[in-house]
Protein chains: 2
Amino acid sequence: MRVLVAEDDRRIAADLARGLTEAGYIAECVADGEDAWFRGDTEDYAAIILDLGLPRLDGLTILKRWREGGRRTPVLILTARGSWAERVDGIDAGADDYLPKPFQMEELLARLRSIVRRSAGHASSVVSIGDVTLDERQMQVSVRGQPVPLSPLEYRLASYLVLHRGRVVSQFELNENIYGQDDAHDSNAIEVLIGRVRKKLGPDLIETRRGFGYIVPGDGA
Amino acid sequence: MRVLVAEDDRRIAADLARGLTEAGYIAECVADGEDAWFRGDTEDYAAIILDLGLPRLDGLTILKRWREGGRRTPVLILTARGSWAERVDGIDAGADDYLPKPFQMEELLARLRSIVRRSAGHASSVVSIGDVTLDERQMQVSVRGQPVPLSPLEYRLASYLVLHRGRVVSQFELNENIYGQDDAHDSNAIEVLIGRVRKKLGPDLIETRRGFGYIVPGDGA
DNA sequence: CGAGCGATGTCAGCGAGCCGTCAGCCGCGC
DNA sequence: GCGCGGCTGACGGCTCGCTGACATCGCTCG
């Protein structure tokens, strides 16, 4: 699951990248307003963390442009402590949530989970599909109540498919969202991964759409 | 179980309400000092979360009035980060615990449970997981009733994991919360510490989630 | 002041698990 | 029946985390 980090303070950006990576996301960082707008407009992210004080192009302007262009990617804005005006403006411009700096990584992750979930239309951090239950908080998947250990990549794959259930996901999309666009593999690594996940979670969770990709059945979204 | 939330920042109040509700409490919010005092004095709550900077009537004054009137409802006060004076004053005025803002919902819930438990007459804040018992008050850990001496760092590690049981905690997060983000170690100090704690408390308390971190099984606290 | 001890960071080695690759097979669709 | 896309079992390189050993530091006691 890819997340765009638009933050010009290198230290904060590095912290964010690390925290996100450890939480299982793919973090892609930009430090410049123009870049941020371009990436957010052309790439598909699960969420965007946006600092309002970017050079070259202001965060609020970026956000407005995205929304005017029809982009509904959930956006979490970072604001300076106590600046209420900024927060209100941000919400008005279409932000899904805000977080005052300095912040705790854990809180950021919680809010991020929240807006990602909201945008996907789910209500809780636990999703059940048939016998399979996925708990984002524990980063744990269970089958009929029995916890099943998944490796990091297996978990990423499973959670991405489950979060986008009811929709066909192409191998290319999986590749990009599991590994990040920079180092996409051209082998059948995804297929192998799919196989391993099926072996652990049962063969019925993930269906193959020959020639198109994979799909987890669910609410017809 | 009803909890009164006295907080004038609407956003924080809303977050609190949501988090408390999800944790199974009934949250009732007031944003005004006079209202807070009245409600706390006439209604019966399991606990009260009190921001000190309320309009119309100061939080400390409210707290003192309650206590003078004989109200023993446990009170958790919210303070600004780093303002030690406020905390001391709050404890003196009869608060049961304090929490610096910004806070993590999980930690708030943990502390809330703690003071509720304490006020209900249970032997202070004791958590048992399998054979292991952790007493936060005495900073004492026991295995099958036998006290086990832990070094300061070992105790910090164990208590942090136990306090956040049911959730995967990354090595980075442990590093930050055990040492403080200023001097994070890049070595395998955490791994060594984990090993030492396991040797003393048994190998089953802390599970390793390769690639993610560590987790103590238990209810999602 | 020096010896002793406990606490803790560092290091190297090791074993397990992870994961990409490949080759061959299967089965769907034509 | 053929071809191609997908599946699977095997393998090996590699990383991660665990462990025992050692160095260092601070404290205490003689």
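Chain letters run A, B, ... following the sequence lines, proteins first and then strands; every chain starts at 1.
Residue A:Ser151 has a polar side-chain atom (N or O) positioned under 4.0 Å from OP1 or OP2 of C:dC19. A close approach under 4.0 Å does occur between a side-chain nitrogen or oxygen of A:Thr208 and OP1 or OP2 of D:dC7. Neither OP1 nor OP2 of C:dC19 sits under 4.0 Å from any side-chain N or O of A:Tyr179. Of the side-chain N and O atoms in A:Arg198, one or more sit less than 4.0 angstrom from OP1 or OP2 of D:dC7.
Between atom CD of residue B:Glu191 and atom CD1 of residue B:Ile194 there is a gap of 9.0 Å, rounded to the nearest 0.5 Å.
D:dC18 atom C1' lies 13 Å from atom CG of B:Leu193, rounded to whole Å. Computed from coordinates, the A:Arg209 CZ to D:dC4 P distance equals 24 Å when rounded to whole Å. Atom CG in B:Leu157 sits roughly 11 Å away from atom P in D:dC18 (whole-Å rounding). Here the P atom of nucleotide C:dG9 and the CG atom of B:Leu174 are 13 Å apart, to the nearest Å. Rounded to whole Å, atom P of D:dC16 lies 13 Å from atom CZ of B:Phe212. For the pair B:Ile178 CD1 and C:dT8 C1', the computed distance is 12 Å after rounding to whole Å. Spacing between atom NZ of A:Lys200 and atom P of C:dC18 amounts to 5 Å, rounded to whole angstrom units. Atom CD1 of A:Ile190 is separated from atom P of C:dG20 by 8 Å (rounded to the nearest Å).
Comparing B:Tyr214 and B:Arg196 against DNA chain D, the residue whose closest nucleotide sits nearer the 5' end is B:Tyr214. Across the interface with DNA chain D, nearest-nucleotide mapping of A:Gln171 and B:Lys199 shows A:Gln171 to be the residue nearer the 5′ end. Sequence order on DNA chain C of the closest nucleotides to A:Arg210 and A:Leu150 puts A:Leu150 first from the 5' end.
Remark: side-chain polar atoms of A:Arg2 are not paired, donor with acceptor, to backbone N or O of A:Ala46 under 3.5 angstrom. With hydrogens and angles disregarded, a donor-acceptor distance shorter than 3.5 Å links the side chain of A:Asn177 to the backbone of A:Glu173. Side-chain N or O atoms of A:Asp32 include one that pairs as donor or acceptor with a backbone N or O of A:Asp35 at under 3.5 Å. Side-chain atoms of B:Arg156 come within 3.5 Å of backbone atoms of B:Ile178 as a donor-acceptor pair (strictly under, hydrogens ignored).
Closest contact between the side chain of B:Leu153 and the listed nucleotides D:dT15, C:dC22, C:dT8 involves C:dT8. For B:Pro152, the side-chain atoms get nearest to C:dA7 when compared with the rest of C:dA16, D:dT19, C:dA7.
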